[in-house]
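The structure under discussion appears below in the form of structure tokens.
Order of appearance sets the numbers: ligands from 1, and atoms from 1 within every ligand. For reference, positions follow the sequence shown, starting with 1.
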Amino acid sequence: MIRDTELLDGLVATVRRFVNERLIPAEVQVEEENAIPDSILAEMKALGLFGMSIPEEYGGLGLTMEEEVMVALELGRTSAAFRSVFGTNNGIGSQGIIVDGTEAQKSYWLPRMASGEVIGSFALTEPDVGSDAGSVKTTARREGESYVLNGTKRYITNAPVADVFTLMARTGGPGPAGVTAFLVPRHSPGLSLGKPDRKMGQRGTKTCDVILQDCVIPADAVIGGREGQGFKTAMKVLNRGRLHIAAFCVGQAQRLCEEAVRFARDRSQFGKPIANHQLIQAMLADSGTETYAGRCMVIETARRFDQGERIIREAAACKYFCSEMVGRVADRAVQIHGGAGYIADSPVEHFYRDVRLFRLYEGTSQIQQIIIAREMVTEG
Ligand code: COS
């Protein structure tokens, strides 16, 4: 749903300009320094990017899903690290509070997240708990007016800079029904961070372990105030997150197509630009077609989400198709660049490494396949 076409066009144009003029020129620096420059962080905050999808009454831009998708398509045209820095504030780090939080939790945390004063993060994965998210092993023991948490959370995006974690821990019996979602402030006693992970790509994005050793938090830190709802909160958060990631993948594919076309026009072999060779054209055509298909499916699913439809299957399908698709597009972009695509100076080299993550996080491709098939079978 687009509430005001003119306003959205203005926002999309602003983001496009910001991406072209500020973010794309800084990609090499981010790659080399493994950090986002402070000046860019400040500009992102001023543009409202930290609170894109946080409701207006809590200081955010309150974008609908369709509007958020239109912005994500633009943001996807540059290094994933830029989105990642505010991605958890809009997505998995704040959505738990938005969908299931109490009024007190919303009014305390959301305005701070929307301004970027507070960084939110989402802690579900553990050393032994990945795809089987309902088997969370971190425990939360009620003691008077507190909970005492014990366990380790792994590969937690933005953990090194986070101020608060939406964290899933077990308060009840085995399986999804025993999981509760908590808001755990970074400086809670007993909470420490592991050393930053060294990753294949997405340099500038920070992840590490979150270690809880008799970590004490107040009893009112339970999201929504009810135990046993944490798995469902996490799943609702991921439905939206998967759609956002899918749109971002389409943006990445769009940029890869632009780079491939530019190179194919400039590079001549056998006496003519390689863009005029049919085998190169076939690769360009496949990438352009798949990117367009991804764009259509994310916009359609976002519209249905905004209309209140159940989009579990469609969000999984978007994440599955678009994350696999951008992998193929990146591979072709490197192929079109030839040797130049394997050299670190080329943008397609780091995009090739960066996009590999999209098939893994917020549910692997295999998990999306399971979700899609289960929904198809139960829908009959
Ligand atoms: N949206 C809303 N509710 C959902 C849901 C979704 N996408 N998926 C499950 N639920 C609900 C179910 O309806 C069920 O509710 P009831 O108990 O009222 O029937 C409950 O949650 C338990 O669901 P289910 O029985 O399907 O749980 P499973 O243990 O079988 O797990 C999968 C389901 C595999 C889909 C889930 O564990 C998953 O998504 N795993 C991937 C985790 C992931 O993405 N990790 C990445 C970490 S974040 S970077």
State the atoms of ligand 1, each with its element, that fall below the 4.0 Å cut-off from a heavy-atom position in [X].
X      : value
Ala133 : 37 (O), 42 (C)
Asn239 : 1 (N), 2 (C), 6 (C), 7 (N)
Ser131 : 37 (O), 38 (C), 40 (N), 41 (C), 42 (C)
Glu362 : 44 (O), 46 (C), 49 (S)
Ile371 : 35 (C)
Arg242 : 39 (O), 41 (C), 43 (C), 44 (O)
Phe231 : 21 (O), 22 (C), 23 (O), 27 (O), 31 (O), 36 (C), 37 (O)
Phe122 : 48 (S)

| message | Can you confirm whether more than 12 heavy atoms, excluding those of Glu145, are under 6.0 Å from its CD atom? | response |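 Counting neighbours around CD of Glu145, 12 or fewer heavy atoms of other residues, nucleotides or ligands fall under 6.0 Å, so no.
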
| request: Say whether Leu124 and Val179 are linked into one hydrophobic cluster, either directly or through other cluster members, by side-chain heavy-atom distances under 4.5 angstrom. | output: yes

Look at [atom] and say which protein heavy atom is nearest, naming residue and atom and giving the distance to 0.1 Å.
atom                    : result
atom 12 (C) of ligand 1 : Lys232 CE, 4.9 Å
atom 29 (O) of ligand 1 : Pro176 CG, 3.7 Å
atom 46 (C) of ligand 1 : Gly363 N, 3.6 Å
atom 8 (N) of ligand 1  : Met235 CG, 3.6 Å
atom 32 (C) of ligand 1 : Arg374 NH2, 4.3 Å

| task | Please confirm whether the backbone N or O of Thr64 pairs with a side-chain atom of Glu67, one donor and one acceptor, at under 3.5 Å? | result | yes

| task | Decide whether an N or O pair under 3.5 Å exists between Lys236 and ligand 1. | result | no

| said: Under 3.5 Å between any N/O of Thr125 and any N/O of ligand 1: does that happen in this structure? | reply: no

| field | Of Val164, Ile223, Thr138, Thr171, the residue whose pairing with Phe182 passes side chain to side chain contact (heavy atoms under 4.5 Å, CB included) | value |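 Per the side chain to side chain contact (heavy atoms under 4.5 Å, CB included) rule, the option paired with Phe182 is Thr171, out of Val164, Ile223, Thr138, Thr171.
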
Do NZ/NE/NH1/NH2 and the carboxylate oxygens of [X] and [Y] come within less than 4.0 Å?
X      : Y      : answer
Arg262 : Glu258 : no
Arg353 : Glu31  : yes
Lys236 : Asp100 : yes
Glu126 : Lys153 : yes
Lys319 : Glu362 : no
Arg303 : Glu300 : no

Any protein heavy-atom neighbour for [atom] (distance below 4.0 angstrom)?
atom                    : result
atom 25 (O) of ligand 1 : no
atom 6 (C) of ligand 1  : yes
atom 19 (O) of ligand 1 : no

| task | Report yes or no: does Ile367 have a heavy atom closer than 4.0 Å to ligand 1? | result |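 Right, Ile367 reaches ligand 1.
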
| request: Report the part of Thr364 (side chain from C-beta onward, or backbone N, CA, C, O) that has a heavy atom under 4.0 Å from ligand 1; answer both or neither where that applies. | output: neither

| query | Looking only at side chains, do Glu227 and Tyr147 share a donor and an acceptor under 3.5 Å apart? | reply |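 Distance-only check passes for Glu227 and Tyr147.
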
| field | Side-chain donor-acceptor pair present, Thr207, Asp197, cut-off under 3.5 Å | value |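 Yes, side-chain donor-acceptor contact under 3.5 Å.
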
